[in-house]
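Here the structure is laid out as C-alpha cells; the discussion comes afterwards.
Residue numbers start from 1 in every chain, and the chains themselves are labelled A, B, ... in the order their sequence lines are given, proteins ahead of strands.
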Amino acid sequence: MVSEGLIVMESTGSPRPQGSEVVTRFAPSPTGYLHIGGARTALFNWLYARGRGGKFLLRIEDTDRERSTPEATAAILRGLTWLGLDWDGEPISQFARRDRHAEVAYQMLARGAAYKCFSTQEEIEAYREQARAEGRSTLFQSPWRDADPASHPDAPFVIRMRAPRDGETLVQDAVQGSVTFRNDQLDDMVCLRSDGTPTYMLAVVVDDHDMGVTHVIRGDDHLNNAARQTMVYQAMGWPVPVWAHIPLIHGPDGKKLSKRHGAVGLEEYQAMGYPAAGMRNYLARLGWSHGDDEFFTDAQAKAWFDLGQIGRAPARLDFKKLESVSGQHIAATEDAALLHETEAFLAAAGRPALSPGQREGLSQALYCLKDRAKTFPELIEKAHFVLASRPIEPDPAAAKSLDLVSRGILAELTPQLQSASWDRETLEGIVAQVAEAHGMGLGKIAGPLRAALAGRTVSPSVFDMMLVLGRAETLARLGDTAGPA
RNA sequence: GGCCCGUUCGUCUAUCGGUUAGGACACCAGGUUUUCAACCUGGGAAGAGGGGUUCGACUCCCCUACGGGCUGCCA
C-alpha cells in the first residue's frame, strides 16, 4: 500500500462532469510527522468515502520547497498505513503539477479573471504599513488591477485573482452551515508567484478539481480560504465541492495542540502502544457522534459517519478515554490478529522480537490477557509469566510474598499437582484444599503461587497461568521456588 | 484593528422549542474477588453572562466575555 513514488496527475483542461461517486482527499504538507489532528482529518475523509463506496485520495502538498522533505512524506504515509487508512491510487505530488497550475493561472488571465501585478513586495509592505497607520484595511489593493496592459513594464510580476469587490461570497458548509463573506473583505490573492510557481490557494483548487474531489473535508482553519477558493472555482466555471470544515483538536488544557502537550505525532501514539482500531474509534468519536454510541467497529463507523453529525467546537484530547476505548478493542480482537499486532508493536517500538517459544506461549495466553490490557505494553507486562523462562526471578514485590512459610506451603502443594488432572476445576479444588488445611483463604496462597509462577504480583489468574504453562513447567517453577526452602 | 467560527457535567458528547438535560470516560462510595484488569450497584457533576422572541428556550435573535482561525509571492 505504501509507495514513495509520487505521480503527476494527468491534467484535464475541461471541467469534469460531477459524477455521483464521492471523492475525498487528504492533503498534508510534508513538513514533519503526521499530526494527530491531521490523522483525524484523514480518518474523516476516509470514513466518508469508504462508507459511500467512494474514493479516498492522497495528495502531498509539497509546493513549499523550503520545508518539504521526502522523509516527512514517508512518515505521513507510514502513519496513515499504521492507522489503517488505505488510499486509492498513488499519492499525488502537488509540486509536480506546477505546470498545470500555471496553465490555469494563465487561463484565468485570458478570461480576465486575473491580472498581472507588478507591485514589489516592498511596495506592498509599505502600502500595508500606511494602511495600518491610517487605520484602514490592510488588504492590498493593487494599482495594476485595472491598468492598461500597454503600460506593463518589463519586470517580474505575479498573477492575482481579480476578485469581485461588491457583493458577498457564500460558503455552504456541511459542518459550519452557511457562512457569508463580504467580498470587500477578501483581497486579490496571488495565484502565481513572480517565479512562476503556484500558490497554495490556486493549487488546491486546481488539484481538487482535476482529481474530481467532490467533498473537501479539512480543518476549519481553512474556512476563510474556502471563500476565496470558491472564487477560483467560479472564475473557471468549475463545480464547487461540498465543504466540510472541521474544528481542530486541542490539548488537554484546551489550548492549541503543540509539542508541549507531549504526543502530537501519530507515531508517538503507536509507540505508546495504542491499537490502531482503538485509535480510529477514539479519533472518530472526537468531534463526531452517532447518538450514544461510544465503542464501534470500522464497519459501523463507515455506515454511520456523516458530515452533519460533526461538532463545531474544538475537542480536547483525553488519554483516559483513549485508553478505555483501546482496551475494549484489544479485548475484542481475535487472538491471531492480536498476536500480529503485538509483534508489530514490538518492532515499531524497537523492542526485542518474540522468540518462537515466546510466540507460541503468548498465543496460548492471549485469551486470559486481552481483557486486562489497555495498551500493548500493558499486555506484554501481564504476559511476563509466559514470556519469561526459568528460573523465574521474582521482582521485589513478588519476592516479599515468598517467605519461608509460603514456600513450605508451595512445597506441600507441588506433589499434589503431580498427579492431578490438568483442568481448572481440579486445580482450583486442590489449591483450595491446601489453603483450607492451613486455615487460610485462597487469597493467602494465591500470592505466593503467583510470585512463583510469574515472578510478579500482577498477572492473570493463577489457574489460567497453570493451564497455559502446563503441568511440567508449572511443577518446575514451583520446584525452583519451593525447593531451596 | 477588520472578518469568520466556536462556548451543555472535569473531558468527549446526546438533545435539533416542551426531557427529572441522557450516555461514555474520569472521579467517589459499596459489592464481587487469587493480584491487576474486568464486572455489578449507587453517587456527585453541565447549558459562559445579559437581554430579547415565544404559552414555553440548551435549542431561535442580539449584545458582552472568553477561546480559536484568517487577514502572506506559507500550506
Side-chain angles (χ1 to χ4, degrees), chain A residues 27-29 31 61-64 66-68 94 117 119-121 124-125 128 131-132 135-140 156-160 171 173 175-177 179-182 184-187 189-195 197-201 203-204 219-225 227-228 245 247-248 250 252 254-256 282 285-295 308-309 311-325 327 331 369 371-374 378 381-382 397-398 401 428 431 435 441-447 449-451 454 456-463:
Chain A
S29 306
T31 53
E61 308 223 314
D62 51 359
T63 54
D64 184 339
E66 301 284 297
R67 299 190 297 156
S68 299
Q94 185 162 70
C117 170
S119 297
T120 65
Q121 299 199 49
I124 296 170
E125 190 41 51
R128 292 208 172 101
R132 228 186 315 272
R136 287 186 292 109
S137 164
T138 56
L139 294 180
F140 180 61
F157 60 88
V158 300
I159 293 184
R160 283 185 187 272
V171 173
D173 195 283
V175 173
Q176 308 287 342
V179 184
T180 55
F181 296 86
R182 273 169 42 199
D184 59 15
Q185 295 295 330
L186 275 13
D187 62 359
M189 64 182 179
V190 172
C191 292
L192 205 66
R193 300 189 185 97
S194 52
D195 65 358
T197 63
T199 60
Y200 161 78
M201 220 55 92
V204 232
D220 68 6
D221 48 336
H222 287 288
L223 182 56
N224 294 262
N225 295 338
R228 306 207 275 178
H245 289 93
L248 271 14
H250 284 178
K255 298 290 183 187
K256 190 176 178 181
Y282 176 72
R285 193 63 191 66
L286 204 55
W288 169 78
S289 64
H290 182 265
D292 285 338
D293 294 304
E294 300 285 349
F295 174 82
Q309 319 307 320
R312 285 160 297 281
R316 306 182 190 199
L317 236 28
D318 180 357
F319 283 86
K320 287 294 188 184
K321 186 143 185 181
L322 205 209
E323 273 180 20
S324 172
V325 172
L369 248 21
D371 283 343
R372 45 216 325 139
K374 291 174 168 156
E378 202 181 334
E381 174 56 26
K382 287 180 173 172
S401 60
E428 283 183 358
V431 174
L442 183 56
K444 288 290 182 189
I445 197 169
L449 232 192
R450 169 169 288 107
R456 294 278 198 277
T457 52
V458 174
S459 79
S461 148
V462 292
F463 302 110

(request) Inspect the contact between A:D187 and A:R228 and indicate whether a charged nitrogen and a carboxylate oxygen are less than 4.0 angstrom apart. (result) yes

(message) Side chains of A:L223 and A:Q176, heavy atoms from C-beta outward: is any pair under 4.5 Å?
(response) yes

(message) I need the CD1-C1' distance between A:I445 and B:U33, as an integer number of Å.
(response) 17 Å

(request) May I have the distance from A:R312 (atom CZ) to B:G69 (atom P), rounded to whole angstrom? (result) 19 Å

(request) Whole angstrom is fine here: how far is it from CG in A:D64 over to P in B:C73? (result) 14 Å

(message) Counting distance alone, no hydrogens or angles: does the base of B:C73 have a donor or acceptor under 3.5 Å from a partner atom on the side chain of A:S194?
(response) yes

(request) Go ahead and name the base partner of B:U8; Watson-Crick or wobble counts if both distances stay under 3.5 Å, otherwise write none. (result) none

(request) Report the distance from atom CZ of A:R193 to atom C1' of B:C74, rounded to the nearest whole Å. (result) 8 Å

(request) On RNA chain B, check which nucleotide each of A:V462 and A:H250 is closest to and give me the residue with the more 5' one. (result) A:V462

Tabulated below should be each protein N or O lying under 3.5 Å from an N or O of nucleotides 12-15 of chain B; please produce it.
unit_1	atom_1	unit_2	atom_2	d
B:C12	OP1	A:R316	N	3.1
B:C12	O2'	A:R285	O	3.1
B:C12	O2	A:K321	NZ	3.4
B:U13	OP1	A:G287	N	2.6
B:U13	O3'	A:S289	OG	3.3
B:U13	O2'	A:R285	NH2	3.2
B:A14	OP1	A:S289	OG	3.1

(request) May I ask you to evaluate whether A:K320 reaches the phosphate of B:C27, defined as a side-chain N or O under 4.0 Å from OP1 or OP2? (result) no

(request) With the side chain of A:R228 defined as its heavy atoms from C-beta on, choose the nearest nucleotide among B:U71, B:C4, B:C73. (result) B:U71

(message) Using atom P in both nucleotides, what's the gap between B:C58 and B:C4 to the nearest angstrom?
(response) 27 Å

(request) Would you tell me if any nitrogen or oxygen in the side chain of A:T63 comes within less than 4.0 Å of OP1 or OP2 on B:A75? (result) yes

(message) Regarding B:U34, can its base be found pairing with the side chain of A:S461 as donor and acceptor, where the two atoms are less than 3.5 Å apart?
(response) yes

(message) Tell me the interatomic distance from A:I124, atom CD1, to B:G72, atom P, rounded to whole angstroms.
(response) 10 Å

(message) Taking donor-acceptor contacts at under 3.5 Å, does the side chain of A:N224 reach the base of B:G69?
(response) yes

(request) For A:R456 and B:U34, give me the distance from atom CZ to atom C1', rounded to whole Å. (result) 18 Å

(message) Tell me whether A:R182 is salt-bridged to A:D184, with the criterion being a basic N under 4.0 Å from an acidic carboxylate O.
(response) yes

(request) By nearest nucleotide on RNA chain B, pick out whichever of A:R450 and A:Q185 is the more 5' one. (result) A:Q185

(request) Specify the separation, in whole Å, of atom CD of A:E125 and atom P of B:G72. (result) 9 Å

(request) May I ask you to verify whether the side chain of A:R372 and the base of B:U35 hold a donor-acceptor pair under 3.5 Å? (result) yes

(message) I'd like to check A:V431 versus A:I445 (side-chain heavy atoms, cut-off strictly below 4.5 Å). Are they in contact?
(response) yes

(request) Answer yes or no: is there a side-chain heavy-atom contact under 4.5 Å between A:V175 and A:H245? (result) no

(request) Output the distance between atom OG1 (A:T138) and atom CD1 (A:I124), rounded to the nearest 0.5 Å. (result) 12.0 Å

(request) Any chance you could measure A:R160, atom CZ, to A:L192, atom CG, to the nearest 0.5 Å? (result) 12.0 Å

(request) Any strand is fair game: report the nucleotide pairing with B:C27 by Watson-Crick or G-U wobble, both distances under 3.5 Å, or none. (result) B:G43

